[in-house]
Novice: 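First, the structure itself, so that you have it in front of you.
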Protein chains: 2
Amino acid sequence: MSTAPVSPPRPRGSVTDRVYEALKQDIFEFRRLPGDRFTESDVAQRLNASRTPVREALYRLQREGYVDVLFRAGWQIRPFDFEHFEELYDLRITLERAAVHKLVRQESAEKVISQLQMIWDPDRVALDRVVGSTVRVLDESFHCEIVAAAGNREMARIHQELTERLRIIRRLDFSKENRIKATYEEHAEILDALARKRSDHAAQLLTAHIRTSQAAVRDITMERIREAAEVLQRRVYAGDAG
Amino acid sequence: MSTAPVSPPRPRGSVTDRVYEALKQDIFEFRRLPGDRFTESDVAQRLNASRTPVREALYRLQREGYVDVLFRAGWQIRPFDFEHFEELYDLRITLERAAVHKLVRQESAEKVISQLQMIWDPDRVALDRVVGSTVRVLDESFHCEIVAAAGNREMARIHQELTERLRIIRRLDFSKENRIKATYEEHAEILDALARKRSDHAAQLLTAHIRTSQAAVRDITMERIREAAEVLQRRVYAGDAG
DNA sequence: AGCGAGATTCATGTATTCAAGATTAAAATC
DNA sequence: GATTTTAATCTTGAATACATGAATCTCGCT
């Protein structure tokens with residue numbers, strides 16, 4: 001017993017992975033809307049796969065909270081539940097606050113912090129040229145790297161999952177330039193506090209930073225969902241629906 | 001769109017669920033040891049099922065961190081990684097501390113706290129008659145209910161998962177009577193602090209409580225695993241192995 | 001005996017088929 | 001016309017069959 005693993009893990013290019021990513025994109029791009037119902041065979045046919053990998057992908061998405069299975073009656077995109085998103089944000093704050101406090105006690109902290117400071121120096125960046133989608137990716141990695149650097153792998157994993165689940169609404173935050181500018185400034189402040197080992201202050205700034213983003217997103221989301229629904233509706237009436 | 005779900009969720013008695021529970025029990029009871037390798041067909045034959053539900057159960061267990069799939073080379077019980085358990089404990093502390101601070105601000109707090117106080121009053125319980133396995137269940141629900149009462153469902157869900165994953169080693173904590181007595185006293189103290197809305201104090205007590213349990217478990221676990229391994233070995237030599 | 005090439009076995013990943021019951025539509029009745 | 005009954009359809013859950021490639025074993029060779 002206790003033989004070490006010898007072969008590589010599941011290959012990246014599996015059908016299951018492809019279906020999983022495609023479905024997730026569909027949900028993220030609002031091509032499937034909260035409440036929409038569909039069947040496994042539907043998805044299988046659309047994505048040129050059999051039901052087996054489709055089912056595996058759907059179960060993964062179910063565990064991650066994106067879809068629900070209705071016993072012998074198809075699947076459903078989990079309806080938007082804003083209270084739930086609020087709770088996700090809350091949990092994110094809890095985790096990142098804890099991470100900050102852990103981080104200042106790690107030896108590797110300085111290195112990570114100074115690396116992040118290179119990226120988030122508002123003076124070195126042409127703020128009016130920054131693209132929103134890029135900032136979203138950078139913002140995600142800012143928060144994830146802070147948590148990862150705290151040294152608790154499980155915490156980092158949960159936080160990573162949270163980030164994925166919040167992505168669907170968080171990216172709306174970077175559609176306005178003032179939010180982009182604010183993000184740079186706030187990140188710089190947080191890093192400054194971290195560099196000085198002022199973990200309490202850093203945690204406080206981080207909390208405010210996330211809360212701001214949370215509030216901004218809350219304002220925008222409903223509007224966007226309604227827009228997407230209208231576009232789809234129009235497509236349906238024009239006879240262009242699948 | 002937006003049709004409400006009409007049929008009940010997946011029935012409890014599904015083959016997948018049965019296989020899932022059986023495998024988890026095997027792992028918890030040390031009938032399958034960390035490092036052990038096995039195949040899907042093995043499990044299917046043993047549990048009288050086809051490979052399909054076995055695979056679904058295994059993937060669930062994989063996501064929860066109990067097993068690994070080796071590409072085209074079978075499955076493996078994830079080797080014991082004590083650092084990882086330490087991290088799980090750490091995360092548990094983080095979540096429960098946050099929950100305590102949230103809890104004192106909830107209106108429903110008083111009710112939950114006084115209910116728990118009924119259970120964990122050391123004066124009302126014949127401590128020498130308490131059974132370890134019962135205390136473990138009660139202890140789990142003590143911590144879970146505090147987190148649940150804080151009002152963040154996602155936090156409660158993650159905490160619940162943590163509890164499950166730690167169960168395999170946590171139950172070893174209640175095999176000695178002094179730990180049982182200490183558990184009652186510490187829980188009572190925590191509840192007292194909560195009732196007085198001293199969340200800082202409660203968080204501090206809770207942290208110490210969990211750390212104690214963590215240390216006690218750390219001492220016992222290795223010994224137990226070795227014992228289980230010896231028993232199995234003996235069975236193998238006696239020709240009684242499956 | 002030690003070693004290596006090739007065939008074979010066996011593993012998971014995927015596709016297909018079968019089963020049971022929920023949904024839906026039609027038909028029959030009041 | 002409204003409502004109940006019934007039959008056809010459709011859905012997921014589970015079992016089985018097939019494909020692909022890794023691991024292993026055999027057999028011949030040095």
Side-chain angles (χ1 to χ4, degrees), chain A residues 1-23 26 32 35-78 241-242, chain B residues 1-23 26 32 35-64 66-78 242:
Chain A
M1 82 171 192
S2 244
T3 315
V6 279
S7 41
R10 159 196 288 238
R12 274 287 142 251
S14 74
V15 180
T16 299
D17 285 345
R18 183 171 60 83
V19 172
Y20 170 81
E21 293 297 340
L23 281 171
D26 281 351
R32 292 184 191 273
D36 281 2
R37 290 177 69 168
F38 58 95
T39 72
E40 294 172 2
S41 320
D42 258 3
V43 178
Q45 202 164 12
R46 264 179 203 269
L47 299 180
N48 254 77
S50 77
R51 269 183 60 219
T52 307
V54 169
R55 280 168 61 78
E56 285 187 11
L58 281 172
Y59 278 121
R60 261 156 79 177
L61 290 166
Q62 182 189 33
R63 274 209 72 72
E64 291 168 15
Y66 296 109
V67 298
D68 281 317
V69 59
L70 278 44
F71 186 53
R72 272 169 189 156
W75 292 74
Q76 181 177 41
I77 306 293
R78 188 165 291 183
Chain B
M1 76 161 200
S2 246
T3 314
V6 279
S7 43
R10 159 197 288 236
R12 275 285 140 254
S14 73
V15 180
T16 300
D17 285 346
R18 183 170 60 81
V19 172
Y20 170 81
E21 294 295 341
L23 281 172
D26 281 352
R32 290 184 192 274
D36 281 2
R37 291 177 66 168
F38 57 95
T39 71
E40 294 172 2
S41 321
D42 259 2
V43 178
Q45 202 164 11
R46 263 179 202 271
L47 299 180
N48 256 77
S50 74
R51 271 183 58 218
T52 307
V54 170
R55 280 170 61 77
E56 284 186 14
L58 282 171
Y59 278 118
R60 260 156 81 176
L61 289 165
Q62 182 189 34
R63 276 210 74 72
E64 291 168 14
Y66 296 108
V67 298
D68 282 318
V69 60
L70 279 43
F71 185 53
R72 273 174 186 152
W75 292 73
Q76 181 177 42
I77 307 293
R78 188 165 292 183

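Every chain is numbered from 1 and lettered A, B, ... according to where its sequence line falls, protein lines coming before strand lines.
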Novice: Need to verify one output field. Residue with the more 5' nearest nucleotide on DNA chain D, A:Thr52 or A:Gly74?
Specialist: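 Result: A:Gly74.
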Novice: Please report the distance, rounded to the nearest Å, between CD in A:Glu40 and C1' in D:dA14.
Specialist: 12 Å
Novice: Taking only side-chain nitrogens and oxygens of B:Thr16, does any of them come within less than 4.0 Å of OP1 or OP2 of D:dA14?
Specialist: yes
Novice: Shortest non-hydrogen contact from B:Arg51 to B:Ala44?
Specialist: N-CB, 4.2 Å
Novice: Give a yes or no on whether a donor-acceptor pair under 3.5 Å exists between the nucleobase atoms of D:dA14, that is its base, and the side chain of B:Ser50.
Specialist: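 For B:Ser50, whose side chain was compared with the base of D:dA14, there is no donor-acceptor pair (under 3.5 Å).
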Novice: Closest to the A:Arg51 side chain: C:dT17, D:dC18, D:dA23?
Specialist: C:dT17
Novice: When you measure from the side-chain N and O atoms of A:Tyr59 to the phosphate of D:dG13, is any distance below 4.0 Å, counting only OP1 and OP2?
Specialist: yes
Novice: Taking CD from A:Gln45 and P from C:dA15, how many angstroms apart are they, rounded to a whole number?
Specialist: 14 Å
Novice: Whole angstroms only, please: what is the CG-C1' distance between B:Asn48 and D:dA15?
Specialist: 13 Å
Novice: Does the pair A:Gln76 and A:Leu70 meet the rule for a side-chain contact (heavy atoms from CB on, under 4.5 Å), with working shown?
Specialist: CA-CA 7 Å; A:Gln76 181 177 41; A:Leu70 278 44; 4.1 Å; yes
Novice: Between A:Arg72 (CZ) and C:dA19 (P), how many Å, whole number?
Specialist: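 It works out to 13 Å between those atoms.
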Novice: Classify B:Thr39 by what it touches in the nucleic acid, base, sugar-phosphate, or nothing, heavy-atom distance under 4.0 Å.
Specialist: sugar-phosphate
Novice: Which whole-number value in Å describes the distance from A:Leu70 CG to D:dC10 C1'?
Specialist: 14 Å
Novice: Send over the distance from A:Asp42 CG to D:dT9 P, rounded to a whole Å.
Specialist: 18 Å
Novice: Between B:Arg32 and B:Val43, is the side-chain contact (heavy atoms from CB on, under 4.5 Å) condition met? List the steps.
Specialist: CA-CA 12 Å; B:Arg32 290 184 192 274; B:Val43 178; 4.1 Å; yes
Novice: When you measure from the side-chain N and O atoms of A:Arg55 to the phosphate of D:dT12, is any distance below 4.0 Å, counting only OP1 and OP2?
Specialist: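 No, A:Arg55 has no side-chain N/O under 4.0 Å of OP1/OP2 on D:dT12.
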Novice: Please determine whether a side-chain nitrogen of the Lys or Arg among A:Arg60 and A:Asp17 lies less than 4.0 Å from a carboxylate oxygen of the Asp or Glu.
Specialist: yes
Novice: Roughly how many Å is it from CD in A:Glu56 to P in C:dT16, rounded to a whole number?
Specialist: 16 Å
Novice: So, A:Glu64 versus A:Tyr59: side-chain donor-acceptor pair below 3.5 Å or not?
Specialist: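 Not at all, the side chains of A:Glu64 and A:Tyr59 share no donor-acceptor pair under 3.5 Å.
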Novice: Nearest whole angstrom, please: distance from the C1' of C:dT12 to the CH2 of B:Trp75.
Specialist: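 B:Trp75 atom CH2 is separated from C:dT12 atom C1' by 9 Å.
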